Amino acid sequence: MQEAMFNAPVGDDVFGEDPSVNELENLTAEMFGMEAALYCPSGTMTNQIAIKCHTQPGDEVICDTTSHIYQYEGGGIALNSAASVKLLQGERGRINAKQVAESINADDVHKARTSLVSLENTSNRGGGSCYELEEIKKIREVCDEHHLKLHLDGARLFNALVSKGDSPKEYGEQFHSISICLSKSLGCPVGSLVIGTKDFIKKGRRIRKAFGGGMRQAGHLAAAGIYALKNNVDRLQQDHLHAKQLAAALAKKDFIDTVLPVETNIIIFSIKQKFTPKELVEKMKEQNIYWYAISPTQVRIVTHLDVSPEMIERTISVIESL
């Protein structure tokens with residue numbers, strides 16, 4: 001990946017003249033069977049661009065209460081789009097078509113205009129849980145019936161695709177826009193893309209500029225994304241196996257209360273005694289093993305391409321010694 005970055009041909013992406021950025025955008029759009037893509041510095045930016053494209057000030061966005069767009073993007077929906085949010089209590093971060101249908105506001109001047117539904121796949125706070133494609137199709141039917149747009153925060157979408165055996169093109173058929181992140185399981189140092197129609201991306205490019213996301217010789221970064229999409233997708237199965245191995249080791253410990261079902265590369269577990277999450281995280285850090293306390297009772301672990309089978313074996317050994 002570093003070699004590809006060093007050798008990438010570059011130009012000025014603000015003027016659409018960076019050949020490596022153009023190649024990455026075309027590759028991604030073609031992969032999902034969509035018309036165009038836009039390369040951005042972060043997944044937060046791609047999500048916020050999509051929300052701003054799909055909504056007008058005063059509109060309402062439907063999403064799960066744990067959604068990244070609501071919890072972890074700095075209040076961007078209100079700040080950038082002047083839109084409000086209707087939060088749904090899904091199952092491990094996943095909402096369903098019935099919930100969406102029941103949450104759409106009536107055409108009433110007293111109510112915010114519902115205009116957008118956003119899903120997250122995999123769900124971060126759902127422990128890497130994955131949507132079933134059939135449920136997504138049902139949600140799209142509800143959106144079409146009520147003239148709503150459907151956006152996907154696909155920060156870890158490739159994990160979901162590998163886990164469920166679905167294809168990118170099947171997802172491209174269901175969503176009006178998709179955000180994918182290159183700097184998580186695919187291993188890139190920087191970058192995300194938002195995908196949609198040509199008109200949507202044209203509008204998004206203007207918003208990216210206003211957000212400060214226009215980059216010049218960004219091809220050196222885009223080259224990492226090209227490499228990742230061509231080489232680092234199938235290997236995600238290894239990360240999923242590693243996560244299941246860690247979860248199985250944790251489940252045997254008496255101080256573990258619950259471990260969320262592991263579908264992909266995220267393990268979230270709660271602690272009932274012996275340690276607080278922060279104490280456990282510090283104890284693992286002493287062993288050069290980095291976990292993350294996400295609440296007063298929960299810890300999160302993420303596996304990725306820099307974690308080798310040998311590291312997993314050593315981590316399991318440390319868990320067993322606790």
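Not measured: the values here are computed from a predicted model.
Residues in residues 129-141 take part in these side-chain hydrogen bond (donor to acceptor under 3.5 Å, both in side chains) pairs, two or more places apart or across chains: Glu132-Lys164, Glu134-Lys137, Arg140-Asp144, Arg140-His176. Identified under the side-chain hydrogen bond (donor to acceptor under 3.5 Å, both in side chains) test for residues 195-206, with sequence neighbours left out: none. Sorted by first then second residue, the side-chain hydrogen bond (donor to acceptor under 3.5 Å, both in side chains) pairs that include residues 222-234, not counting sequence neighbours, number zero. Within the structure, every pair that satisfies the side-chain hydrogen bond (donor to acceptor under 3.5 Å, both in side chains) test and touches residues 239-256, not counting sequence neighbours, is listed here: Asn159-His240, Arg235-Asp239, Gln238-His242.
Partners of Asp166 according to the salt bridge (Lys or Arg N to Asp or Glu O under 4.0 Å) rule, which considers only residues two or more places apart in sequence or in another chain, do not exist here. With sequence neighbours excluded, the residues satisfying side-chain contact (heavy atoms from CB on, under 4.5 Å) with Ala112 are Glu60, Ser84, Asn105. Listed by chain and number, the residues in a salt bridge (Lys or Arg N to Asp or Glu O under 4.0 Å) with Glu91 are Arg94 (sequence neighbours excluded). With sequence neighbours excluded, the residues satisfying ring pair (Phe, Tyr, Trp, His ring centres under 6.0 Å) with Phe200 are His54.
The hydrophobic cluster containing Ile69 also includes Ile51, Val61, Tyr70, Ile77, Val85, Leu87, Leu116, under a criterion of side-chain heavy atoms closer than 4.5 Å among ILVMFWY residues, counted directly or through chains of members. In the hydrophobic clustering (ILVMFWY side chains linked at under 4.5 Å, chained through shared members), Ile319 is joined by Leu246, Leu250, Phe255, Ile256, Val259, Val262, Ile267, Phe269, Ile271, Phe275, Leu280, Val281, Met284, Ile289, Trp291, Val299, Ile301, Val307, Met311, Ile312, Ile316, Val318, Leu322. Through side-chain heavy atoms spaced under 4.5 Å, either directly or across other Ile, Leu, Val, Met, Phe, Trp or Tyr residues, Ile268 is tied to Leu260, Ile266, Tyr292, Ile294, Val302. Val10 belongs to no multi-residue hydrophobic cluster, having no ILVMFWY side-chain contact under 4.5 Å with any other such residue.
Val190 and Phe158 fall within a single hydrophobic cluster, where Ile, Leu, Val, Met, Phe, Trp and Tyr are joined by side-chain heavy atoms under 4.5 Å apart, directly or via other members. Taken together through direct or relayed side-chain contacts under 4.5 Å among Ile, Leu, Val, Met, Phe, Trp and Tyr, Met45 and Tyr39 form parts of separate hydrophobic clusters. Under the 4.5 Å side-chain heavy-atom criterion for grouping Ile, Leu, Val, Met, Phe, Trp and Tyr, Leu38 is not connected to Met34 through any hydrophobic cluster.
Ring-plane geometry between Phe175 and Tyr171 is classed as parallel, the angle between the planes falling under 30 degrees on a 0 to 90 degree scale with a further cut at 60.
The CD atom of Gln298 sits 7.0 Å away from atom OG1 of Thr258, with the distance rounded to the nearest 0.5 Å.
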Handout entry: salt bridge (Lys or Arg N to Asp or Glu O under 4.0 Å) between Asp13 and Arg208, worked out
Key = CA-CA 12 Å; Asp13 180 46; Arg208 184 187 72 171; 3.2 Å; yes

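No hydrogens or angles considered: nothing links the side chains of Ser118 and His151 as a donor-acceptor pair under 3.5 Å.
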